[in-house]
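Since the structure is predicted, the reported quantities are computational estimates derived from the model, not experimental observations.
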Amino acid sequence: MPEVVFSVDQARSMRDQAHPGHNRWHHAIPAAATVRPGSEFRVECREWTDGQIGNNDSANDVRDVDLSPCHMLSGPIAVEGAEPGDLLVVDILDIGPIPQETGSVPGQGWGYTGIFAKQNGGGFLTDQYPDAYKAIWDFHGQQATSRHIPGVRFTGITHPGLFGTAPSPELLDQWNRRERALIATDPDRVPPLALPPLEQGVLAGTLTGAELDAVGREGARTVPPRENGGNHDIKNFSRGARVFYPVFVPGGLLSGGDLHFSQGDGEITFCGAIEMGGFIDFHVDIIKGGMEKYGVTTNPIFMPGNVEPRYSEFLSFIGISVDHDTDTNLYNDATVAYRNACLNAIEYLKTFGYSGEQAYLLLGAAPIEGRVSGVVDIPNACCSLYLPTEIFDFDIRPTAEGPRRADRGSCAVSS
């Protein structure tokens, strides 16, 4: 096993670890460990909400989750010799739930998917599904099943939802300026257009006092992806993936977490993956001056891992950039098109007895494939959603006999 450079006691909050992690992006957060180029090491991670979600049949915990301390990240890890302008080459060697443990913490043999309430986080389909729901998933080796979505069993593509490097002071200021400008266009929107810096709930490793307060005032929230990487939620960041991260500060300061047992493209419920704590093994190296050499200025690039389920048959759902509720055409809007593809898949699954909420949770957690199929045929963008038929224990293909409707139980709901 590689050396553990960031350890986590899963019985304790990230705040109470021997070396606390952090939940903001900021250049002043000190490194928790230093590694050399060419080294292999292990990072242990808490589940992203720091254990606020329980293995039960109520979604009240999802409804009431405190998002101010999220995400809880492990690190930062400094890489000797990394300088601004370099590329940090990060290989994912292995990843998984908490090894050899069962218990009450996500990752100890189970994980969860949540539909977040519109008033507290929201999601891709928050106008159609504004309330909180949850599904618990049990792990069986590489596969997952849920008592809340019966009739389904699939192999996950385990991956980190979030990893990235620390921003420079100039880049951090740029993030804050442009995101505050976006918020100002509709400051009362629910859910908000963006999340500005927030002192409440801030954690910045070992920083205390005035230094911690400064991170609270300036530090960027970890919810979106940005130039440094961050919360990409790309399901193919799996074993064997190689990611080239831009370096903005000395040492690079690599941090991350938000591990997922499985996820569909888009993580559409906001907490759409199967969330868990666990471990991730890395190999790191440096390409000196790599940002200029390869034109990497605004985002990382990556090579997908070669570990994924071998599903060979899919039922695909198409969406176009039309608001069908108001019969309004939007110009080449791929977001609206993919939203319609998701809604079409949900309506189809409801004919087999699933509730809309169960179908929505499933599309966030199962290894569906989302594709931008066309953005040139004005005025309608076309997106498609590929749902593996083999994950169901009954035939979901259309037949002359009609759908095989049955009692499919219920997901966890909020009171």
Please check if the number of heavy atoms outside Q142 that lie under 6.0 Å from its CD is greater than 12.
no

Would you give the length of the straight line joining atom CD1 of I77 to atom OG of S255, rounded to the nearest 0.5 angstrom?
7.0 Å

Supply the atom-to-atom distance S355 OG to I346 CD1, rounded to the nearest 0.5 angstrom.
9.5 Å

Checking T165 against N228 for the side chain to side chain donor-acceptor pair (under 3.5 Å) test, could you report, in this order, the C-alpha distance in whole Å, the side-chain angles of both residues, the deciding distance, and whether it holds?
CA-CA 5 Å; T165 52; N228 69 324; 5.1 Å; no

Are F261 and F139 close enough that their ring centers fall under 6.0 Å?
yes

Could you check whether R147 pairs with D57 (Lys NZ or Arg NE/NH1/NH2 to Asp/Glu carboxylate O, under 4.0 Å)?
yes

Would Y386 and Y311 satisfy side-chain contact (heavy atoms from CB on, under 4.5 Å), going step by step from the backbone distance to the final call?
CA-CA 11 Å; Y386 287 54; Y311 294 118; over 6 Å; no

Okay, side chain of E292, backbone of G289: is any donor-acceptor separation there less than 3.5 Å?
no

Please determine if K235 and D265 form a salt bridge, counting it only when a charged side-chain N lies under 4.0 Å from a carboxylate O.
yes

So which heavy atom on Y245 is nearest to which on P300, and how close?
CD2-CG, 3.8 Å

Interatomic distance, I268 atom CD1 to C342 atom SG [nearest 0.5 angstrom]:
4.0 Å

What do you reckon, are the aromatic ring centroids of Y338 and F317 less than 6.0 Å apart?
no

E227 bridged to R178 by N-O distance under 4.0 Å
yes

Are more than 12 heavy atoms from other residues, nucleotides or ligands located less than 6.0 Å from atom CD of E313?
yes

Do M276 and W110 touch side chain to side chain, with heavy atoms closer than 4.5 Å?
no

Residues D61 and K134 bridged, charged N to O under 4.0 Å:
yes

Would you mind reporting whether P191 and T126 have side-chain heavy atoms less than 4.5 Å apart?
yes

Once rounded to the nearest 0.5 Å, what's the spacing between atom OG of S414 and atom CG of D64?
8.0 Å

Other residues, nucleotides and ligands only: do more than 12 of their heavy atoms fall within 6.0 Å of CD1 on I318?
no

Does N340 reach the main-chain N or O of V322 with its side chain, forming a donor-acceptor pair under 3.5 Å?
yes

Is R239 salt-bridged to D94, going by a charged N under 4.0 Å from an acidic O?
yes

The test is side chain to side chain donor-acceptor pair (under 3.5 Å); show your working for S168 and H27 and say whether it passes.
CA-CA 6 Å; S168 65; H27 50 87; over 6 Å; no

Six-ring centre of F352, R404 cation under 6.0 angstrom, axis tolerance 45°
no

Polar contact flag, side-chain donor to acceptor under 3.5 angstrom, T145-Q143:
no

Between H260 and H159, what is the ring plane arrangement, given parallel below 30°, perpendicular above 60°, and tilted in between?
perpendicular

Give a yes or no on this: more than 12 heavy atoms of other residues, nucleotides or ligands lie within 6.0 Å of atom CG of D395.
yes

Is the F392 to F394 ring centre distance short of 6.0 Å?
yes

Please report the interatomic distance CZ(F116) to CG(L67), rounded to the nearest 0.5 Å.
5.5 Å

Just by modelled atom types, is the P196 backbone N or O under 3.5 Å from a matching donor or acceptor in the E179 side chain?
no

Is the shortest side-chain heavy-atom distance between F244 and V296 below 4.5 Å?
no

R42 charged N/C atom sitting above F282 aromatic ring, 6.0 Å / 45°
no

Could you tell me whether a side-chain N or O of S373 sits under 3.5 Å from a main-chain N or O of C383, the two making a donor and an acceptor?
no

Determine, for E218 against R24, whether the closest basic-nitrogen to carboxylate-oxygen distance falls under 4.0 angstrom.
no

Passes side-chain contact (heavy atoms from CB on, under 4.5 Å), T158 versus L259? Steps please.
CA-CA 8 Å; T158 308; L259 304 190; over 6 Å; no

Keeping the roles fixed (side chain from Q17, backbone from D9), state whether a donor-acceptor pair exists under 3.5 Å.
yes

For the pair F124 and F270, evaluate side-chain contact (heavy atoms from CB on, under 4.5 Å) and give the outcome as yes or no after the intermediate values.
CA-CA 7 Å; F124 193 49; F270 179 65; over 6 Å; no

Under a 4.5 Å cut-off applied to non-hydrogen side-chain atoms, are L87 and V247 in contact?
no

Shortest non-hydrogen contact from G252 to A82?
N-CB, 4.0 Å

Taking all non-hydrogen atoms of both residues, which atom of N332 and which atom of A381 are closest, and how far apart?
OD1-N, 3.3 Å

Go through the steps for L363 and I368 under the test side-chain contact (heavy atoms from CB on, under 4.5 Å), then give the verdict.
CA-CA 7 Å; L363 296 181; I368 66 167; 4.1 Å; yes

Taking side chain as C-beta onward, heavy atoms only, is H148 less than 4.5 Å from T113?
no

Residue pair D50 / S13, side-chain donor-acceptor N/O under 3.5 Å
yes

E3, CD atom: more than 12 neighbouring heavy atoms under 6.0 Å
no

Between F154 and W137, does a ring-ring contact (aromatic ring centres under 6.0 Å, His included) hold up when you go through it step by step?
CA-CA 11 Å; F154 56 80; W137 299 91; 5.1 Å; yes

What heavy-atom pair brings A78 and A31 nearest, and what distance separates the two atoms?
CB-CB, 3.9 Å

Working to the nearest 0.5 angstrom, can you tell me the gap between S146 OG and Q358 CD?
8.5 Å

Give a yes or no on whether the backbone of V4 and the side-chain of E44 come within a donor-acceptor separation of less than 3.5 Å.
no

Determine yes or no for a side-chain-to-main-chain donor-acceptor pair under 3.5 angstrom, with R226 supplying the side chain and L172 the backbone.
no

Does the side chain of Y112 come within less than 4.5 Å of E47's, by heavy atoms?
yes

If only atom types and distance count, is the side chain of T269 paired as donor or acceptor with the main-chain N or O of G114 below 3.5 Å?
yes

Nearest heavy-atom contact between L315 and I396 is CD2-O, 3.8 Å

Treating N23 as the side-chain partner and M72 as the backbone partner, does any N or O pair qualify as donor plus acceptor under 3.5 Å?
no

Going by distance alone, is a donor N or O of one side chain under 3.5 Å from an acceptor N or O of the other, for N380 and N329?
yes

State, yes or no, whether a side-chain contact exists between P246 and M291 at a heavy-atom distance under 4.5 Å.
yes

Of Y129, Y354, Y133, which meets ring-ring contact (aromatic ring centres under 6.0 Å, His included) against Y360?
Y129

Answer yes or no: are there more than 12 heavy-atom neighbours, outside D327 itself, under 6.0 Å from its atom CG?
no

Polar side-chain atom of N231 near backbone of V223 as donor-acceptor pair, under 3.5 Å
yes

Can you find a side-chain donor-acceptor pair between D66 and S68 that sits under 3.5 Å?
yes

Within the 4.5 Å heavy-atom criterion, are W48 and T222 side-chain neighbours or not?
no

